[in-house]
Amino acid sequence: MASLAAGGVVIIGSKLIGGSWAMLFASGGFKVKHYDIEQEQIMNALENIRKELKRLEQADSLKGSLSAEQQPSLISGCSNITEAVEGAMHIQTLLPHQ
Ligand SMILES: NC(=O)c1ccc[n+]([C@@H]2O[C@H](COP(=O)([O-])OP(=O)(O)OC[C@H]3O[C@@H](n4cnc5c(N)ncnc54)[C@H](O)[C@@H]3O)[C@@H](O)[C@H]2O)c1
Ligand SMILES: *[C@@H]1O[C@H](CO)[C@@H](O)[C@H](O)[C@H]1NC(C)=O
């Protein structure tokens, strides 16, 4: 489970790989801020994460001790990178190949 440290985790890039990391940290009880340069993609990511966590719970494959309703409440979208990283304890980037 997450430590009581105040800061949360920031995941930069919110497609398949970034979304998977966001779910993994939330399953451990960490607060996650999810940033993407495409604002629309952030909303897609949060919706996909909610669906995927429900699917995992139904398949009895959900990680961690929090439910598929509780885990997404730890993940918030943020479209401003300055605000996303403020106070973060861990920042992880998953950008496309250049
Ligand atoms: N999908 C896979 O199976 C897979 C497997 C291994 C490695 N990878 C690598 O992982 C990385 C992420 O892959 P993916 O499939 O999740 O997504 P992707 O590469 O299709 O998309 C990455 C996301 O990052 C966003 N982005 C791009 N530039 C950005 C910036 N400057 N700041 C913030 N966000 C930005 C894009 O809008 C997009 O939503 C890639 O480098 C990929 O090569 C992917
Ligand atoms: C992002 O947030 C910072 C800090 O709150 C603010 O100074 C900046 O103007 C914001 N940027 C945009 C594009 O809103």
Side-chain angles (χ1 to χ4, degrees):
M1 288 296 284
S3 82
L4 294 174
V9 171
V10 182
I11 305 291
I12 297 173
S14 67
K15 277 210 172 142
L16 186 65
I17 303 295
S20 302
W21 279 108
M23 286 193 285
L24 184 66
F25 279 107
S27 75
F30 290 93
K31 277 193 182 161
V32 178
K33 283 192 198 166
H34 215 358
Y35 173 83
D36 198 290
I37 202 166
E38 299 282 351
Q39 287 199 25
E40 263 186 39
Q41 174 52 31
I42 303 174
M43 302 317 291
N44 291 340
L46 297 179
E47 186 55 29
N48 290 341
I49 284 169
R50 264 191 292 277
K51 285 185 191 155
E52 183 64 6
L53 289 170
K54 283 224 169 86
R55 194 189 67 74
L56 288 166
E57 189 172 64
Q58 278 159 15
D60 216 11
S61 299
L62 190 67
K63 290 187 175 75
S65 54
L66 301 174
S67 73
E69 266 76 50
Q70 291 169 314
Q71 292 188 25
S73 71
L74 291 171
I75 306 172
S76 58
C78 190
S79 60
N80 181 321
I81 189 66
T82 309
E83 291 175 359
V85 302
E86 196 184 357
M89 66 169 180
H90 177 71
I91 301 167
Q92 190 160 316
T93 65
L94 296 124
L95 300 182
H97 281 305
Q98 301 297 314

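Ligands are counted one by one from 1 in listed order, and the atoms in each one are counted from 1 as well. Quick note: numbers below take in every heavy atom, side chains included, and nothing from hydrogens, waters or symmetry partners.
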In this structure, OG of S20 is separated from CD1 of I11 (nearest 0.5 Å) by 10.0 Å

For residues H90 and F25, establish whether the separation of their ring centroids is below 6.0 Å. yes

As an exercise, identify every atom of ligand 2 less than 4.0 angstrom from a heavy atom of N80. 1 (C), 2 (O), 3 (C), 8 (C), 10 (C), 11 (N), 12 (C), 14 (O)

Do protein heavy atoms approach atom 13 (C) of ligand 2 to less than 4.0 Å? no

Is any N or O atom of Q41, backbone or side chain, closer than 3.5 Å to an N or O atom of ligand 1? no

Does any N or O in the side chain of D36 come within less than 3.5 Å of the main-chain N or O of Q39, such that one atom is a donor and the other an acceptor? no

If we only count N/O pairs under 3.5 Å, is I12 in contact with ligand 1? no

Looking at K54 and E57, is there a salt bridge between them, counting it only when a charged N and a carboxylate O are closer than 4.0 Å? no

Under 4.0 Å from any heavy atom of G13, which atoms of ligand 1 are there? 24 (O)

Can you tell me the protein heavy atom closest to atom 5 (O) of ligand 2 and the distance? E83 OE2, 2.9 Å

When you measure from the side chain of Q71 to the backbone N and O of L53, does any donor-acceptor pair fall under 3.5 Å? no

Check each atom of ligand 1 against the heavy atoms of L16 and keep those under 4.0 Å away; list them by number with element. 1 (N), 16 (O)

With a cut-off of 4.0 Å, which atoms of ligand 1 are near a heavy atom of L94? 12 (C)

Would you check if the side chain of Q70 reaches a backbone N or O of S65 as a donor-acceptor pair within less than 3.5 Å? no

Closest non-hydrogen atom pair, A26 against V32: N-CG2, 4.1 Å

If you count the atoms of ligand 1 from 1 in the order shown, which ones are under 4.0 Å from a heavy atom of Y35? 32 (N), 33 (C)

Answer yes if a protein heavy atom lies under 4.0 Å from atom 9 (O) of ligand 2, otherwise answer no. no

